Amino acid sequence: MTELLFLGTGAADYDWNHYGEPGVLGSTATLLDGRILFDCGATAVKSILRYGVSPAEITDIVLTHSHDDHYHPHQVTVLAGQSRKQPLHFWGSPQACALAESPNCLCHPLTAGDRFTIGKFQFTVLPASHVLDNPQEEAFHYLVESPAGNLLYELDGAWMTSRERQLIGGTHIDLAIWDATMSAPGDWRIFDHCDISMIRTMRSALTQSGNLDSSSRLVFNHRGRTLWPENEAEQDAIAAREQAIIARDGMRISL
Ligand SMILES: [Zn+2]
Ligand SMILES: [Zn+2]
């Protein structure tokens, strides 16, 4: 069984000085198969310890982009500095790699369209519609194919670009983890993030093209603190209407 552990599920509007207190979600990071870490932001090391993962078991960090809720170079240095048999592999944009300098860190610069393999997982690097401070730097999504199933890791980002759509091709997606920063339409952040109505539209198109079907699971992640109802039952009701589930810190699901 291939497991995903949601280490953190919050957007950038949390005060992580208060991480661990009720209602303070961790910075978005997800652990695949106990060893591949999607993103390594402000609360990464604390959340790894909080949910019982040994930092030395993490073999690879796969970075989506350099916003500090996803990438905190010091957190990478801490993970790389653990006593480990092999160096820690770091996969990300050339700009992110340049900041991940550690003697125990082996960097793999990526551009959209690249493919690489970690164990049984075949990654395709997808371009995300999400702007960084350095306009030269690309933000990424990932398509991860494996014998256990195919994962679309779709955050951060707004509308799927046609280039991303092209790279996904005809691949069937078993599990999609989506940027759901906003629960309702009408917010100005739509050029970098999704609201639920945008995901509904993209889901419909990807269903028509056969990428998604009734067996595909959809997970809303990266919830904005001020952009979702505070009450968890209200959050779950929104997700249920969309036939999706809400990612919560510490939640585990199988691929
Ligand atoms: Zn973010
Ligand atoms: Zn971002």
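Fair warning: this is a prediction, and the values are worked out from it, not measured in the lab. First listed ligand is number 1; within each ligand, the first listed atom is number 1.
With salt bridges taken as basic N to acidic carboxylate O contacts below 4.0 Å, one links Asp236 and Arg248. By the 4.0 Å N-to-carboxylate-O rule, Glu230 lies too far from Arg225 to be salt-bridged with it. Taking 4.0 Å as the cut-off between side-chain N and carboxylate O, Arg35 and Glu57 do not count as a salt-bridged pair.
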Original post:
Should His130 and His141 be marked as a ring-ring contact (aromatic ring centres under 6.0 Å, His included) after you check the CA-CA gap, both sets of side-chain angles, and the distance that decides it?
Top reply: CA-CA 10 Å; His130 192 69; His141 295 160; 8.2 Å; no

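Excluding waters, the set of protein N, O or S atoms lying under 2.8 Å from the Zn ion (ligand 2) comprises His65 NE2, His67 ND1, His130 NE2, Asp156 OD2.
Screening Asp33, Leu32, Val62 against Ile118 for a side chain to side chain contact (heavy atoms under 4.5 Å, CB included) leaves a single residue, Val62.
The stretch residues 76-102 participates, sequence neighbours left out, in these ring pair (Phe, Tyr, Trp, His ring centres under 6.0 Å) pairs: Tyr71-Phe90, His89-His108, Trp91-His108, Trp91-Phe116.
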